[in-house]
Amino acid sequence: MPPLHGRDVEYPPSRDADVVARRLRALIVEDNPVDELLVLAKLRAAGFAVEHCRVDSVAALEAALRERHWDIVISDYVLPDCDGLDVLAVVRRMQPDLPFILVSGGIGEAVAVDAMRAGAQDYLLKQNLLRLGAVVDRELTKSATARALRAERQKLRESELRLHSILATLEDIIWSIELPSQKLVYLNPSAETIYGVSAEAFLRSEVDWLDMVHPDDRERMLRSLKEATTSGSLTTEYRVVRPDGEVRWILDRARVVFNEHGARIRLDGIARDVTQQRSSEAKLRQAAHFDVLTGLPNRILLNERLQKAIDAAIDTEAMMAVVFIDLDRFKIVNDSMGHDAGDELLRVLSRRLSQRVRASDTVARLGGDEFVVLLPEIRQAQDAQAVCEQMLGALAPPVSIRNHDIHCTASMGVAVFPRDGRDVATLLRHADAAMYRAKQSGRNTICFHEPDQNAASGVLRLEADLHTALAQQQFELHFQPQVDLLNGRRVIGFEALVRWRHPERGLVSPVDFIPLAEETGLIVQLGQWVLRQACEQGKVWAERFDPDLRVAVNVSARQFVGSDIVRTVSRELERSGLSPRNLELELTESMLMHNVGQTVKLLGDLKRLGVAVAIDDFGTGYSSLAYLRRFPIDVLKIDASFVRDIGHDADDAAICACILAMAGSLRIEAVAEGVETEDQLAFLREQGCRIGQGYLFGKPMPADEATALLARGAA
């Protein structure tokens with residue numbers, strides 16, 4: 001290959017001293033060195049710093065093209081062993097996009113046209129090279145633009161390939177239909193895994209997707225699709241029946257795509273197989289609502305049914321009764337014959353109790369040897385007496401276990417609505433108190449609740465003190481730390497808990513004054529005070545220690561429904577300067593279920609403020625998972641009663657695992673309450689629970705102790 005020319009040559013200065021010469025790599029195909037110098041002179045005069053090579057044969061041309069990349073080829077037409085069209089053919093074969101300019105002393109118009117058709121960018125006469133600089137500049141610009149365009153197209157192709165690869169590996173179904181024709185235009189391969197039919201079969205219309213939707217869900221699905229084209233979005237659950245008969249639950253979300261004119265052109269969606277989640281929910285519902293030993297409703301389901309019975313009784317002005325039952329001397333059976341015998345006895349007696357009540361009644365097991373019977377719609381208190389006598393009679397016959405006849409009696413306490421209480425907690429408390437009186441009266445008997453005048457006067461005194469405590473600010477906040485279980489034990493937040501420091505009684509238990517505050521309505525004023533103090537303290541901690549540290553505040557039912565909770569929270573956030581993301585509001589399950597429509601609206605308003613919303617004591621209230629998906633919830637707090645026995649109670653461990661799995665599938669954070677042992681901590685970590693709260697990490701403490709705890713962590 002001939003040596004490169006023009007590399008270390010001093011060029012005449014540009015006419016504009018401020019213009020920097022543009023570097024140009026030019027391959028000159030020319031057999032006349034004089035003409036070569038003429039071309040170079042014109043290029044330099046146009047402001048190019050030329051690095052060039054001159055060749056005069058096809059072999060040398062091919063060698064030069066293999067050697068390096070050139071910016072442009074400037075070729076004579078008449079050469080010793082070829083002509084300009086031959087040169088052009090070689091260039092197009094080896095570097096198809098390389099700009100090519102034909103320069104000749106006297107080619108005809110026909111030859112020039114042929115050259116342009118073959119791919120030359122331009123042609124010039126040697127005796128008139130004034131346009132050479134402009135032509136080269138133009139072609140370089142076009143070439144650079146073409147390269148950039150090719151690069152962008154290549155990136156686009158690579159991006160499309162990556163996207164298709166990702167979509168092909170997703171477990172979710174990605175789909176797209178044209179509007180208004182509703183023709184399916186895209187479906188990723190996951191369809192075959194979920195539906196049992198290939199994506200190609202759907203796209204070729206060999207299978208009608210709607211025919212696979214469960215008949216009971218088909219009309220609702222069509223209605224949802226129709227509404228989506230007008231509302232702009234779709235979120236629905238439905239079942240599909242695969243060709244093999246298997247039923248799958250699908251969660252489908254979609255959004256309408258508009259063109260630049262605002263017309264609806266496409267509906268794009270993502271569908272997820274939630275069959276396993278549905279199954280987990282069903283297992284959780286069973287585990288959470290029914291006693292494993294006897295199959296009877298447990299405390300959670302009892303509370304739910306009791307609340308419904310109260311609501312119905314209020315609407316119809318009817319009476320109802322709650323019977324609290326405790327087996328007499330049951331501990332002797334466990335101690336003398338073992339727990340297996342005791343469990344068998346409980347199963348037999350549970351069946352006997354269930355056989356002596358109406359279909360509308362509920363027999364529930366609270367735990368141990370305690371049962372509660374709900375008797376809705378009774379006409380008079382004597383009706384409850386008659387049912388209790390029947391149940392005592394049912395328990396009287398001996399139970400044969402291991403060739404031993406066991407005689408069992410029970411003590412029963414009765415509370416009647418509305419005479420003895422108008423809410424779940426009061427009725428259960430009064431029925432329990434009546435049962436203890438039956439125990440004291442000799443067992444195997446029935447006692448009805450009798451109001452205690454001395455106790456009533458004590459409640460009145462406590463209520464008066466509660467008013468004084470609010471006026472004199474006798475309350476204080478304690479804070480229990482919440483820690484990151486997966487990252488050591490770093491404190492990431494606190495739950496604010498109110499304490500009453502009575503001037504004479506000392507610290508009054510919240511168990512004593514919170515229900516009274518709820519009943520009297522003072523809980524609204526107290527709750528506002530707690531919210532204000534918590535926001536102020538949270539602001540101090542966020543500025544000093546961690547801008548993401550969160551403070552959780554409990555919200556009562558009266559606060560949530562009976563006051564303007566959204567305005568109250570907004571006002572206290574603005575007053576304290578605390579960022580909404582640092583505040584978490586804790587509500588109970590039963591609180592959310594009284595008016596679902598209002599609840600959804602209030603939760604939505606709170607979420608728009610930016611605060612987090614948690615369900616407290618999850619698993620002990622109205623565990624309606626169908627509604628849970630409707631609520632914009634950030635956190636589920638697993639009740640301490642489930643965490644307490646996970647080390648030696650398989651049922652509680654299963655419930656915790658189910659709750660954590662469900663929270664994960666719903667993308668909701670889970671917090672385990674009541675963590676007290678390293679074994680509990682190990683189990684929760686194994687199940688992927690990120691946040692824990694309990695005595696293992698710290699008891700509720702005054703603000704100064706909590707500050708010291710944060711300071712030690714930051715040190």
Side-chain angles (χ1 to χ4, degrees), residues 1-7 22-46 48-154 157:
M1 174 180 175
L4 293 176
H5 302 287
R7 282 196 170 174
R22 291 165 295 170
R23 184 168 173 263
L24 176 67
R25 293 178 298 240
L27 178 57
I28 299 175
V29 186
E30 176 63 68
D31 60 337
N32 188 339
V34 176
D35 289 342
E36 171 196 1
L37 295 176
L38 180 62
V39 169
L40 290 174
K42 293 298 183 183
L43 292 175
R44 291 165 183 160
F48 291 104
V50 184
E51 180 181 324
H52 77 285
C53 172
R54 180 177 65 83
V55 297
D56 57 6
S57 67
V58 171
L61 171 65
E62 291 176 341
L65 290 173
R66 282 193 297 269
E67 179 73 18
R68 65 183 301 177
H69 175 79
W70 300 93
D71 295 326
I72 199 162
V73 174
I74 301 174
S75 175
D76 191 6
Y77 183 75
V78 180
L79 296 163
D81 65 346
C82 62
D83 61 22
L85 294 179
D86 296 328
V87 173
L88 177 58
V90 172
V91 171
R92 288 291 167 260
R93 174 169 53 82
M94 297 186 67
Q95 294 190 22
D97 299 322
L98 186 58
F100 184 93
I101 298 175
L102 193 60
V103 176
S104 179
I107 61 174
E109 183 176 341
V111 175
V113 171
D114 290 342
M116 298 294 286
R117 286 175 177 170
Q121 272 63 44
D122 211 331
Y123 68 92
L124 300 170
L125 297 176
K126 289 185 179 180
Q127 56 269 32
N128 185 13
L129 293 178
L130 294 177
R131 290 195 306 119
L132 180 61
V135 169
V136 170
D137 185 65
R138 180 193 69 200
E139 294 308 321
L140 291 179
T141 301
K142 288 170 60 177
S143 178
T145 302
R147 285 196 303 272
L149 183 59
R150 285 195 301 274
E152 290 301 320
R153 286 175 177 167
Q154 180 62 25
R157 283 194 294 270

Sub-4.5 Å side-chain heavy-atom contact between Ser104 and Asp76: yes
Partner of Ser75 by side-chain contact (heavy atoms from CB on, under 4.5 Å), out of Leu27, Val91, Val29: Val29
Flag side-chain contact, heavy atom, 4.5 Å: Gln95 against Val73: no
side-chain contact (heavy atoms from CB on, under 4.5 Å) partners for Asn32, two or more places apart: Glu30, Val34, Asp35
Atom pair CG (Leu125) and CG (Leu102), whose distance is rounded to the nearest 0.5 Å: 9.5 Å
Asp137 side chain near Arg22 side chain, heavy-atom distance below 4.5 Å: yes
Test log, rule side-chain contact (heavy atoms from CB on, under 4.5 Å), inputs Val87 and Cys82: CA-CA 7 Å; Val87 173; Cys82 62; 3.9 Å; yes
From Ile74 atom CD1 to Leu24 atom CG, the distance as rounded to the nearest 0.5 Å: 7.0 Å
Check against side-chain contact (heavy atoms from CB on, under 4.5 Å), Asp122 and Arg138: CA-CA 10 Å; Asp122 211 331; Arg138 180 193 69 200; 3.0 Å; yes
Within 6.0 angstrom of Arg93 CZ, more than 12 heavy atoms from elsewhere: yes
Minimum heavy-atom distance His52-Glu36, with the two atoms named: NE2-OE2, 2.8 Å
Interatomic distance, Phe100 atom CZ to Met116 atom CE [nearest 0.5 angstrom]: 11.5 Å
Interatomic distance, Leu124 atom CG to Lys126 atom NZ [nearest 0.5 angstrom]: 12.0 Å
Sub-4.5 Å side-chain heavy-atom contact between Pro33 and Arg54: yes
Euclidean distance, Leu132 CG relative to Leu43 CG, rounded to 0.5 Å: 4.5 Å
Full working for side-chain contact (heavy atoms from CB on, under 4.5 Å) between Leu140 and Phe48: CA-CA 12 Å; Leu140 291 179; Phe48 291 104; 3.7 Å; yes
Residues in side-chain contact (heavy atoms from CB on, under 4.5 Å) contact with Val111, at least two apart in sequence or another chain: Tyr77, Ile107
Presence of salt bridge, Asp71 and Arg23, under 4.0 angstrom: no
Nearest heavy atoms of Val55 and Ala64, plus distance in Å: CG1-CB, 4.2 Å
Taking every non-hydrogen atom, the tightest pair across Ala46 and Gly133: CB-CA, 3.6 Å
Minimum-distance pair of heavy atoms, taken over all atoms of Ala60 and Ser57: N-OG, 3.1 Å
Intermediate values then yes/no, side-chain contact (heavy atoms from CB on, under 4.5 Å), Gln121 and Ile72: CA-CA 10 Å; Gln121 272 63 44; Ile72 199 162; over 6 Å; no
Trp70 (side chain) donor-acceptor with Cys53 (main chain) under 3.5 angstrom: no
Inter-residue atom distance Thr145.OG1 - Arg150.CZ, 0.5 Å rounding: 10.5 Å
